[in-house]
Amino acid sequence: MFQNRRTVFLFLCSIAFVQALYYIITLQIKKNQTIINSGLAISYEYSSDITKTSVQNTVALLNPSIQTELSSFANASFIISHNFIKPDPTIYNSYPICNVSFSNHNLSSSNHNLSSYRVTVSKTIYPFDIIEQHHGEDLYPGGHWFPKTCRTEQRLAIIICYRNRELHLKLYLDNIHSFLKQQQLDYTIFVVNQHGQQPFNRAALFNVGFLEAMKLYSFDCFIFHDVDLLPEDLRNVYKCGEKPRHMSVAVDKFNYRLLYSSLFGGVTAFSLSDFTGANGYPTVYWGWGGEDDDMYLRVTRKLKKTITRYPIEIARYKMIRTFNHTSGKANPDRHTILYSKYDYSQDGINTTNYDLHHVVFYKLFTFINVTLPQESFEHIRLRLNIKLKPPKKKVNAVRKKKV
């Protein structure tokens, strides 16, 4: 009798063990299929030396296409619930202001050894976990860092528009983190991904990055950055001034020359007041071209300001021109929109339309994944009251027949 009871007991235990094991495996699989959506509940918790912003997120199942996008960041560590850490103002305000030796008053100095300011650009592509080893020891989740011994004057958000450029992103992250740390900046890197097959809308993604970044931290300086441009000089300080700044003045692809005086693409810097005053970037340029020139006109016409630049020997960048990347098709309507003199208050931050799928806090960057509903040119034209010019009449020369 005792032997039979023991056999039954062991049998029941084995069944319970198998069920528990199945439950654990199933739970782990579901855990690996979760995302962060836009439902952010933010609370503040004070500790002795830092303020923690606790960001709780609703978890939802990934659809297969979004799973594919996230799986491209293999070996990159991330979290789905994040304490966005910022300095405690009580203690932080007692620190001296960060003052690096290559700050603005040394930009044009000829008495320094210029080679000491040159940045050696790494061209080796490492997996994300190795890049984390290079730079992640003192990084907070989401690609956030700030100095621990001095006080920064600005809070910088670097916003990158993105789609299917993993190799470029790896090179960018492996180079930019050390560059920004040497400049003693309070910075966070945001990578804004356009999900889906619609034509790429670079400018609208910049607006998305701005809007989502402001939900997390009180940023007051924004640098909008192409993923394939790497700075070559530490004196090219990533800060905002009283006017918008064109950062990428001299690119190696163009023999380190400024192509034209109103060029305002590649890397640009805006203070919070200037970016909101310009109503952000336009959202109406689907495909390649138009948005940078439009932004230049917003600065000169809406803000009534001029753009600034560092000297050409300082604002130097190397462009990553490999990995078979090709630009999107040119927008055939870009010139019609650009030269229409439409009202900039009718398009920009206030009209940025997007579906937010999730925000993921990787160790090296904050990943924002969105779909941009495409707007047809006819709808854009009607919304902005753009008048189409009548087509030019063709004059056919009539040959007179000789009698």
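We're numbering straight along the sequence, starting at 1.
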Is there a side chain to side chain contact (heavy atoms under 4.5 Å, CB included) between L185 and Y238 once you walk through the steps? CA-CA 8 Å; L185 304 172; Y238 272 41; 3.8 Å; yes

List the steps, then state whether side chain to side chain contact (heavy atoms under 4.5 Å, CB included) holds for I380 with W286. CA-CA 11 Å; I380 293 170; W286 296 87; 4.3 Å; yes

Working note: Y354 + T371, criterion side chain to side chain contact (heavy atoms under 4.5 Å, CB included); need CA distance, chi angles, decisive distance, verdict. CA-CA 6 Å; Y354 62 99; T371 293; over 6 Å; no

I'd like to know whether R298 forms a salt bridge (Lys or Arg N to Asp or Glu O under 4.0 Å) with D347, so could you lay out the CA-CA distance, the side-chain angles of the two residues, the decisive distance to 0.1 Å, and finally the verdict. CA-CA 11 Å; R298 286 171 181 250; D347 182 76; 3.6 Å; yes

Please evaluate residues W288 and N331 with respect to the criterion side chain to side chain contact (heavy atoms under 4.5 Å, CB included), reporting the C-alpha separation (whole Å), side-chain torsions for both, the decisive distance (0.1 Å), and the verdict. CA-CA 6 Å; W288 182 88; N331 182 345; over 6 Å; no

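In this structure, the side chain of R151 engages the main chain of Y95 through a donor-acceptor pair within 3.5 Å. The closest donor-acceptor contact from the side chain of Q194 to the backbone of P199 lies under 3.5 Å. Under a 3.5 Å cut-off, the side chain of R316 and the backbone N or O of E232 do not form any donor-acceptor pair. Side-chain N or O atoms of T300 include one that pairs as donor or acceptor with a backbone N or O of Y296 at under 3.5 Å. When atom types are taken as modelled, the side chain of R155 and the backbone of D186 share no donor-acceptor pair closer than 3.5 angstrom. With hydrogens and angles ignored, the 3.5 Å screen pairs no side-chain donor or acceptor of K170 with any backbone N or O of P127. With hydrogens and angles disregarded, a donor-acceptor distance shorter than 3.5 Å links the side chain of N279 to the backbone of I349. Between the side chain of N175 and the backbone N or O of L171, at least one donor-acceptor pair lies under 3.5 Å.
Aromatic rings from F270 and F222 are positioned such that their centres are separated by 6.0 Å or more. For H144 and F361, the ring centers sit 6.0 Å or farther from each other. Note: F224 and F275 meet the aromatic proximity criterion, with ring centroids under 6.0 Å apart. In this structure, the ring of Y344 has its center less than 6.0 angstrom from the ring center of Y342. Ring pair Y140/F146: centre-to-centre distance below 6.0 Å. Between F367 and F78, the ring center distance fails the sub-6.0 Å criterion.
The existence of a salt bridge linking D228 and R321 is excluded, since no basic side-chain nitrogen approaches an acidic carboxylate oxygen closer than 4.0 Å. Salt bridge status for R118 with D233: present, with a side-chain N to carboxylate O gap under 4.0 Å.
Heavy atoms from other residues, nucleotides or ligands lying under 6.0 Å from CD of E137 number 12 at most. Residue K329 places its NZ atom among 12 or fewer non-hydrogen atoms of other residues, nucleotides or ligands, all under 6.0 Å distant.
Taking the six-membered ring for Trp and thresholds of 30 and 60 degrees, F73 and Y162 have ring planes inclined between 30 and 60 degrees apart.
In this structure H134 satisfies the ring-ring contact (aromatic ring centres under 6.0 Å, His included) test together with Y126, sequence neighbours excluded.
Legend: side chain to side chain donor-acceptor pair (under 3.5 Å) pairs involving residues 199-208, not counting sequence neighbours, sorted by first then second residue: R202-D226, R202-E291, R202-D292, N207-T352. Screening residues 332-341 for side chain to side chain donor-acceptor pair (under 3.5 Å), with sequence neighbours left out, gives no hits.
Side-chain contact between N193 and V370 is absent, with no heavy atoms from C-beta onward closer than 4.5 Å.
A donor-acceptor contact closer than 3.5 angstrom links the side chains of H177 and Y187.
With rounding to the nearest 0.5 Å, the separation of CG in L229 from NZ in K253 is 9.5 Å.
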